[in-house]
Amino acid sequence: MRLTDVIVDCRDPEALAAFWCEVLDRSIAARIGPFVFLNRVDGIGIGFQKTDEPKAGKNRVHFDIRSDDPAAARVHLEALGASYLPEYAGGGFLVMADPEGNEFCVLPEGPFELDDEGRADYLPRAL
């Protein structure tokens, strides 16, 4: 078996796909029924499926994205419609939410340390 796609349930697949196209520098590959798929990179696809159910609670699965400068990425992501989630700041990770509230982490490109509790320390203190 192999993983081929990650599918995100959402109210507006077109809008959410457009957001993630900008974030990940991908384009839309297909629109099939209630799905919008981004082009594959390294064999993994991302799709957005229309659902009328609202998001409830914390995601059980989330994206981790990498950036040379997570603080600058935060500014760019907010300009695209993402939101910073300060309630996760204690863990030392930069946690954002996409326009439909799905959480994702912005990590540095290089390695970073985690303490015994799993907290990171790669962000400037002012963030």
Side-chain angles (χ1 to χ4, degrees):
M1 287 186 257
R2 63 186 177 91
L3 178 64
T4 59
D5 296 283
V6 177
I7 306 299
V8 178
D9 288 352
C10 57
R11 290 185 176 255
D12 188 345
E14 290 286 339
L16 201 55
F19 169 82
W20 283 103
C21 280
E22 289 293 320
V23 171
L24 300 174
D25 194 25
R26 294 187 183 196
S27 59
I28 292 176
R31 292 170 174 86
I32 304 167
F35 297 91
V36 178
F37 292 94
L38 304 187
N39 67 316
R40 291 183 181 280
V41 174
D42 297 327
I44 301 295
I46 300 171
F48 302 91
Q49 176 181 351
K50 182 169 179 44
T51 181
D52 292 328
E53 297 174 20
K55 179 184 178 295
K58 185 179 181 300
N59 291 27
R60 295 295 299 254
V61 174
H62 68 269
F63 297 146
D64 283 349
I65 61 174
R66 298 279 180 156
S67 171
D68 288 332
D69 184 349
R74 174 185 169 182
V75 172
H76 177 68
L77 290 162
E78 288 175 330
L80 294 174
S83 303
Y84 170 65
L85 299 176
E87 60 268 32
Y88 296 108
F93 289 91
L94 175 53
V95 181
M96 306 286 294
D98 71 18
E100 289 211 14
N102 300 298
E103 299 92 355
F104 63 97
C105 294
V106 181
L107 306 175
E109 281 292 346
F112 58 93
E113 298 294 321
L114 295 175
D115 68 14
D116 290 342
E117 301 298 317
R119 291 183 299 263
D121 190 20
Y122 63 85
L123 297 171
R125 296 288 176 215
L127 194 65

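In what follows, every heavy atom counts, from backbone to side chain, and hydrogens, waters and symmetry copies are set aside.
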Before giving the answer on side chain to side chain contact (heavy atoms under 4.5 Å, CB included), spell out for Leu107 and Ile65 the whole-Å C-alpha distance, their side-chain angles and the decisive distance to 0.1 Å. CA-CA 6 Å; Leu107 306 175; Ile65 61 174; over 6 Å; no
Side-chain donor/acceptor of Arg26 to backbone N/O of Asn39, under 3.5 Å: yes
Could you check whether any side-chain N or O of Gln49 sits under 3.5 Å from a backbone N or O of Ile7, counting only pairs where one atom can act as donor and the other as acceptor? no
Crowded around Glu87 CD? As in, over 12 foreign heavy atoms under 6.0 Å? yes
Atom CD of residue position Glu113 - does it have more than 12 heavy atoms of other residues, nucleotides or ligands inside 6.0 Å? no
Partner set under salt bridge (charged side-chain N to carboxylate O under 4.0 Å, His left out) for Arg66, not counting sequence neighbours: none
Please lay out, stage by stage, how Phe104 and Asn59 fare under the test side chain to side chain contact (heavy atoms under 4.5 Å, CB included). CA-CA 9 Å; Phe104 63 97; Asn59 291 27; over 6 Å; no
Are any of the side-chain heavy atoms of [X] and [Y] separated by less than 4.5 Å?
{"X": "Leu16", "Y": "Asn102", "value": "yes"}
{"X": "Phe93", "Y": "Leu114", "value": "yes"}
{"X": "Leu38", "Y": "Ser27", "value": "no"}
{"X": "Tyr84", "Y": "Leu94", "value": "yes"}

Going through the checks in order, is the side chain to side chain contact (heavy atoms under 4.5 Å, CB included) test met by Glu22 and Leu24? CA-CA 6 Å; Glu22 289 293 320; Leu24 300 174; over 6 Å; no
Considering all heavy atoms, the nearest [X]-[Y] contact:
{"X": "Arg119", "Y": "Gly90", "value": "CD-O, 3.3 Å"}
{"X": "Glu103", "Y": "Lys55", "value": "OE2-NZ, 3.4 Å"}
{"X": "Leu80", "Y": "Phe19", "value": "O-CD1, 3.5 Å"}

Is any NZ, NE, NH1 or NH2 atom of the basic residue among Asp5 and Arg40 found under 4.0 Å from an Asp or Glu carboxylate oxygen of the other? yes
Plane angle bin for Tyr122 and Phe112 - parallel if under 30°, tilted between 30 and 60°, otherwise perpendicular: tilted
Please report the interatomic distance OG(Ser67) to NE2(His76), rounded to the nearest 0.5 Å. 9.5 Å
With hydrophobic residues grouped by side-chain heavy-atom distances under 4.5 Å, do Phe48 and Val41 end up in a single group? no
Enumerate donor-acceptor pairs with a distance under 3.5 Å from any side-chain N or O in residues 29-37 to protein atoms, sequence neighbours excluded.
| from | atom 1 | to | atom 2 | distance (Å) |
| --- | --- | --- | --- | --- |
| Arg31 | NE | Glu14 | OE1 | 3.2 |
| Arg31 | NE | Glu14 | OE2 | 2.7 |
| Arg31 | NH2 | Glu14 | OE1 | 3.2 |

Test side chain to side chain contact (heavy atoms under 4.5 Å, CB included) on Glu100 and Asp12 and set out the steps. CA-CA 8 Å; Glu100 289 211 14; Asp12 188 345; 3.7 Å; yes
Applying side chain to side chain contact (heavy atoms under 4.5 Å, CB included), name anything that partners His62, two or more places apart in sequence or on another chain. Asp64, Cys105
